[in-house]
Amino acid sequence: MVVIFAGLLLLNITLSAASFNCTVTDAGWPTVRVTGVAEKTGEILLICIGGSAGQQREFDLTVALSVPVTNQNPSGNKSDALLFVDEPVAANQVAGQNVFVGEFDAPAAGAEVAHTIRFRGVKIVEPGDAQSRVVRIVNIRGNASAAPYSGQNTPYIFATVDSSPRMTGVPATIATAIRSQATLSTIVEASQTAGYQLQVRVQEPSSYEFRRRRPSSQSPPVLGAVNQTESGHITNLFQSSGVTDAGLANSGTKIILKFSNVPSGQQVFVSTRPIALINSGLDLRLTATGDQGGAAAFAEVVPTSGSPWPGIAPVAIANGQGMAVYEVVETDTTAVEWATLGIVLAGGSGSPTVQAMFGPLTDSPQAWVPRFTTARTAPAVVPAAVFRDTFRRIRLIEYGSSEIYNAGGVFSGKPGAAQDGDGNTWIVARDTSNGLYITRFRAASKTFDNWIYLGGLAQGDPSVTVGLAGIVYYTIRDDWNNCWLGTFRPGIGNTWRRVGGVFATDPQISVMPGGDVWIAGKDLWNGIWTTTIPEGPNVQPPEIPWTFRGGLVQGQIAFSRIGDVPVLAVRDFSNALWFATMSRNTFTWASGQGLMSRDPQVAGATAVVAINDSISIREYSSAWVATGGVLSSESAAWLNGELYIAGRDPSNQIWWYRSSTGQWTFAGHQGVAASELSAVPR
């Protein structure tokens, strides 16, 4: 699921009557998922000064979104959006005096859904020169999935603030931009857990995707307080007008398994709780499906059978379709979490189609607003190789194509590269003064972004990876052989942190699906060290400090992962291959049972080695396979369970290998590459 930062950007509108002025800004930037149909946008804050002290004025204030407004509709044209004047505490809130409920306007001409919330008769007492008045608008929700998106442009939600009677400076329009384009990770596969025929793994792309409902200890919440719940600001002030619990939307994140094409006569059962979790802070439970919108109280489904563990319940199937709805009861908003849900099939022939998605977060006032939305379709991911040419420019070539793309620049060494979830390739390169620059090759448009200077002072070559939230991580080694870790977020910028250590070769980095960022390096005495840092927008302190892992190796280490497990491939001083797999507490060496003439490469679970320039490959637990290729240098990539190799032959021409076909493909471009290739994804 794509993430939007839905804070409302700074807005300077002047609501003027005589010398009475209100400056309007955003009051926080909550994270908003672009696949959500009822996402809380940023709160709007008006700071009003001047005028005639004590004079009361009334305004109708409206907020119009460029996407459908999807607030709850408790009664008539009432919404659950609220406006507060002068930040009243709960005990001092009075409906129609300092708290106002928003109403839905009729759809604009030609529109299918309402886009506007109107607050009528808002009373503001002019403060004069010595005081100020504060107006806060909360709970406005929009269908973020309706924001335009083509896979390569940046989508926006536009919000227009207006008033009646009209005031100078309004209407005014502000924009909310999508900051990353990560999708909800969903894997459906044959189960490896006894008793379940299928398993569905759902993983949040960043730590704030899964959220719980507001606990009773936070109701009513304090105005202006930042929270990571799904719930809005709750009050019962408007019960007399039929608006019960305005601001409700009080549910945890809903995760829906949608079944279609269920074979005739087949019964479907799902586990009432996850059969596996990555983080103990996540509590996900099957709930009654009567209210996918989230307004009803959570009602946990009791297992009809305790076997297989942890218990199952039937899914109602009609016309070959059905759904199971889970609600997040507890979550750790500082950690990336995933859960595996089990499916039991009884009867029928074959298996249904299973789709996992986020559910809506509130009920919608318009029946035609989609109640579910799937993750946006990303461009097809294609392996790519990045290198520096003889003119010191950065170039890129994709598997299956002989076309070569030019990013320009003047650089030294071998560029580092990694791919994000949309198949875009991020490239970090060291210039001739040893500073770092970053660019992105956009998979859909086949174009490069402008180079952005990251700073730093590096020796050697950077190592690059992309996290679940679209954050680019990179490591370098400085002139004193210390390791530095940087992060880059599109549209926001970069950070640096000295991680320490003293290394003989360039540290290598990889990010795990569970959210851990691993760094591995070889010290001056040829031993291996690793550290682990939690994924996040800022460089965090190490979660696990530098830990010595043993070994006595030569050359550069290769670093990748097998599923959620970090894996190293190294060459010892006898030229023998060794694998090492890791967890937070263990580090296991295993012989690769082979000799090589240069440092190994590794991608996924497969090592790539050269024996007198002849290329062979070996999966972690399988036998050696000769590819028939002869290269002077090579780089490995891993995509959808397949190994790809990009390399240069002795005449400096580029070739690709694909494990599923066992074939080498000639790409050409003799003499163009001046550096080794960096193949992605890994």
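All values below come from the heavy atoms of this structure, side chains included, with hydrogens, waters and symmetry mates left out. Counting begins at 1 with the first residue of the sequence.
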Side chain proximity check, Asp283 to Val328, heavy atoms < 4.5 angstrom:
no

Determine yes or no for a side-chain-to-main-chain donor-acceptor pair under 3.5 angstrom, with Arg133 supplying the side chain and Val125 the backbone.
yes

Asp86 side chain to Val134 main-chain N or O, any donor-acceptor pair under 3.5 Å?
yes

Is a side-chain N or O of Trp496 found less than 3.5 angstrom from the main chain of Gly455, in a donor-acceptor match?
no

Can you name the residues that form a side chain to side chain contact (heavy atoms under 4.5 Å, CB included) with Thr475, not counting sequence neighbours?
Ser463, Cys483, Leu485, Pro507, Ile509, Ile519

Do side-chain atoms of Thr287 reach the backbone of Ala299 as a donor and acceptor pair under 3.5 angstrom?
yes

Starting at OG of Ser132, measure out to CD1 of Ile47 and round the result to the nearest 0.5 Å.
6.0 Å

Close side-chain approach of Leu454 to Val428, heavy-atom, < 4.5 Å:
yes

Minimum-distance pair of heavy atoms, taken over all atoms of Ala81 and Ile117:
CB-CG2, 4.1 Å

Under 3.5 Å, is there a donor-acceptor pair between the side chain of Lys123 and the main chain of Gly96?
yes

Validation row: Tyr326, Leu341 side chains within 4.5 angstrom (heavy atoms):
yes

Under the side-chain hydrogen bond (donor to acceptor under 3.5 Å, both in side chains) test against Arg442, which residue among Asn424, Thr447, Asp449 passes?
Asp449

Check for a donor-acceptor pair, side chain of Asn98 on one end and backbone N or O of Val94 on the other, with a separation under 3.5 Å.
yes

Charged N to carboxylate O below 4.0 Å: is that the case for Glu126 and Arg57?
yes

When you check the gap from the basic side-chain N to the acidic O, do Glu300 and Arg273 get nearer than 4.0 Å?
yes

Centroid-centroid distance, Phe448 to Phe441, less than 6.0 Å:
yes

Side-chain contact, heavy-atom cut-off 4.5 Å: Thr487 with Asn494?
no

Of all heavy-atom pairs linking Gly423 and Ala443, the shortest is O-CB, 3.4 Å

Test side chain to side chain contact (heavy atoms under 4.5 Å, CB included) on Leu284 and Val329; report intermediate values, then the result.
CA-CA 6 Å; Leu284 186 64; Val329 178; over 6 Å; no

Please name the pair of heavy atoms, one in Phe100 and one in Arg120, separated by the smallest distance, quoted to 0.1 Å.
CD2-O, 3.9 Å

Return the minimal non-hydrogen interatomic distance between Leu286 and Ala324, and the atom names on each side.
CD1-CB, 3.9 Å

What orientation do Tyr437 and Tyr453 show, parallel under 30°, tilted 30 to 60°, or perpendicular over 60°?
tilted

Measuring only between side-chain heavy atoms, which start at C-beta, is Leu61 closer than 4.5 Å to Arg118?
no

Which is it for Glu327 and Arg285 under the salt bridge (charged side-chain N to carboxylate O under 4.0 Å, His left out) test, yes or no, and what are the steps along the way?
CA-CA 6 Å; Glu327 181 169 332; Arg285 306 185 188 186; over 6 Å; no

Is there a side chain to side chain contact (heavy atoms under 4.5 Å, CB included) between Asp332 and Glu337? Walk through the geometry before answering.
CA-CA 8 Å; Asp332 181 354; Glu337 298 167 308; 3.5 Å; yes

Thr465 side chain reached by Trp426 side chain, heavy atoms, under 4.5 Å:
no

Check Gly50 against Pro127 and note the closest heavy-atom contact, atom names and distance.
O-CD, 3.1 Å

I'd like to check Val135 versus Leu45 (side-chain heavy atoms, cut-off strictly below 4.5 Å). Are they in contact?
no

Could you walk me through whether Ile427 and Trp451 pass side chain to side chain contact (heavy atoms under 4.5 Å, CB included), step by step?
CA-CA 9 Å; Ile427 305 167; Trp451 286 101; 4.2 Å; yes

If the condition is side chain to side chain contact (heavy atoms under 4.5 Å, CB included), which residues does Arg498 pass it with, not counting sequence neighbours?
Asn482, Trp484

What pair of heavy atoms forms the shortest contact from Gly121 to Asp60, and how long is it?
N-OD1, 2.8 Å

Test Phe119 against Ile137 for side chain to side chain contact (heavy atoms under 4.5 Å, CB included), laying out the working first.
CA-CA 9 Å; Phe119 300 91; Ile137 300 173; 3.7 Å; yes

I want to check something: taking the side chain as every heavy atom from C-beta on, are Val464 and Val472 in contact at a cut-off of under 4.5 Å?
yes

